[in-house]
Amino acid sequence: MIELEGVPELIDPVMVAAFEGWNDAGDAASTAVAHLEREFKGEVFAALDAEDYYDFQVNRPTVFMEGGVRKITWPTTRLSVVRVGGDKPRDLVLVRGIEPSMRWRSFCNELLGFAHELGVELVVVLGALLGDTPHTRPVPVSGVTSDADLARRMDLEETKYEGPTGIVGVLQEACTHAGVPAVSLWAAVPHYVSQPPNPKATLALLNRLEDLLDLRVPLGELPEDARAWQVGVDQLAAEDSEVAEYVQTLEEARDTAELPEASGEAIAREFERYLRRRDVSPPGGHATADGGDGSYLRDTPGAGRTRPPKPTRPGTSGAAEGAQEGAGEDSSGGAQDGPGEHAPGGAPDGAAEGRDEGTRETPDAPDTPETPDTPDTPED
């Protein structure tokens, strides 16, 4: 049973969701939702029962100390509500968790139950994939939907992907069957530097969400973190001539492909974003009541990393960083889910994989950086 006592009446609510795991390369998507929750001071009001959806040998609970008492945080999916201020205030229902280990249809139905009870008008699911994109260029973000009318109205791509999928694709399809408008936003993370964190990809997702929902998100230190991340990767890439040459090849391919798109429309979008931020104070957050004494409501504490890891040579373990969680459990052989409708960098549909928390297989490295292995094909 869904109980939402303590949740105020919401204004034009939109559900924004992200899940750690296969569809979260560089932790970019889950970090974006965590940023929204932190900046708008959201508090968890509900959580799904961990025992219904998670294998604790795959996603283990965490023990922590609070006031000298040992407690356990269970891996699950949590919901909070925040209010975005401005001329047109609206509420965001934030969903942040881990891709479930089982009962995906029940998992999606439970989230849709919350959406129905809260009057959610649109569901936006964030994802990140590995792709053939250089870290020195703006992060490509694709917006896709299964709704042809929504694609026209919101200038999105209509998904045509066929193949293995993750919880992002399943949730979007569940929304479509339930008659709830749904959009997926996908950021492409360079496969040769796929380890988290990736603040540049997180920033790109938040910027695209701003454009989609016509709202302003306080970015805090995220822009500076993104610049520091790129400088760090620049320095590390320069230490390896093969990686540096490969990055240059990606840059040339990207610049050639996007040359016709350096249009007034792209410039106008950036200018509109600048105007939204100019002389506007950060909006306040709207916290909801706590959902009870269940310890699964607590978020797992973790220390963030600030220095990017050394880039992986093309075709080595960096390309396999996103092999599907528990590769042995998926008969698809670890093909990763992504925005099958639009794969950045000229790669095949969804050419990337989300971050794997389990054992990863490492493909053989190519003889030369000019012929790097292309990551497996994912979807939306």
Side-chain angles (χ1 to χ4, degrees), residues 1-8 15-24 26-83 92-104 106-111 113-115 117-118 126 167 171 195-197 202 220-221 285-306 325-326 329 354-359:
M1 176 180 292
I2 297 174
E3 298 181 2
L4 300 177
E5 296 181 4
V7 178
M15 178 176 282
V16 180
F19 304 94
E20 299 174 17
W22 207 42
N23 303 139
D24 192 24
D27 290 353
S30 57
T31 302
V33 174
H35 178 89
L36 292 170
E37 193 173 53
R38 180 174 60 254
E39 292 296 324
F40 291 113
K41 299 178 175 59
E43 292 185 5
V44 175
F45 70 85
L48 278 60
D49 191 338
E51 290 196 353
D52 289 342
Y53 304 112
Y54 294 98
D55 179 347
F56 298 140
Q57 291 182 327
V58 176
N59 297 290
R60 293 186 177 275
T62 303
V63 177
F64 68 99
M65 300 294 293
E66 184 175 82
V69 179
R70 287 168 58 88
K71 295 186 177 182
I72 294 179
T73 296
W74 295 95
T76 189
T77 295
R78 303 170 178 83
L79 293 87
S80 59
V81 173
V82 299
R83 178 155 296 169
L92 301 181
V93 180
L94 304 180
V95 179
R96 181 161 64 102
I98 306 169
E99 183 177 68
S101 306
M102 62 196 81
R103 302 185 182 93
W104 284 21
S106 297
F107 179 87
C108 292
N109 288 337
E110 190 164 354
L111 289 180
F114 280 104
E117 291 295 324
L118 293 168
L126 306 183
I167 192 60
L171 179 57
Q195 298 91 334
T202 296
E221 299 180 355
H286 176 76
T288 64
D290 197 296
D293 62 354
S295 61
Y296 52 78
L297 294 177
R298 181 180 298 276
D299 220 344
T300 303
R305 282 165 284 182
T306 57
E325 292 189 30
E329 301 175 34
R355 181 174 60 83
D356 178 13
E357 309 233 347
T359 303

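Owing to the predicted nature of the structure, the values given are computational and were not obtained by experimental measurement.
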Write down the atom of [X], the atom of [Y], and the distance for their closest heavy-atom approach.
X      : Y      : answer
Leu126 : Ala32  : CD1-CB, 3.9 Å
Ala29  : Asp24  : N-OD1, 2.8 Å
Tyr54  : Ile98  : OH-O, 2.6 Å
Pro61  : Pro75  : CA-CD, 3.8 Å
Asp52  : Arg103 : O-NH1, 2.7 Å
Asp27  : Thr202 : O-OG1, 4.4 Å

Steps toward side-chain contact (heavy atoms from CB on, under 4.5 Å) verdict (Cys108, Ile167)
CA-CA 9 Å; Cys108 292; Ile167 192 60; 3.9 Å; yes

Check whether Thr76 reaches the backbone of Leu48 with its side chain - one donor and one acceptor, N or O, closer than 3.5 Å.
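Looks like yes, one N/O pair under 3.5 Å.
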
Test your reading of the model: is there a side-chain donor-acceptor pair from Tyr53 to the backbone of Thr77, 3.5 Å cut-off?
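Answer holds: no.
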
If you measure from [atom1] on [X] to [atom2] on [Y], what distance do you get to the nearest 0.5 Å?
X     : Y     : atom1 : atom2 : result
His35 : Phe40 : NE2   : CZ    : 7.5 Å
Glu43 : Arg78 : CD    : CZ    : 14.0 Å
Phe56 : Ile72 : CZ    : CD1   : 10.0 Å

Any residue meeting ring-ring contact (aromatic ring centres under 6.0 Å, His included) with Phe19, in chain and number order, not counting sequence neighbours:
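Counting only residues at least two positions away or on another chain, Phe19 forms a ring-ring contact (aromatic ring centres under 6.0 Å, His included) with Phe107.
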
Got [X] and [Y] here, is their nearest side-chain heavy-atom distance under 4.5 Å?
X      : Y     : answer
Leu94  : Ser80 : yes
Ser101 : Asn59 : yes
Val95  : Val33 : no

Between Glu99 and Glu20, is the side-chain contact (heavy atoms from CB on, under 4.5 Å) condition met? List the steps.
CA-CA 6 Å; Glu99 183 177 68; Glu20 299 174 17; over 6 Å; no

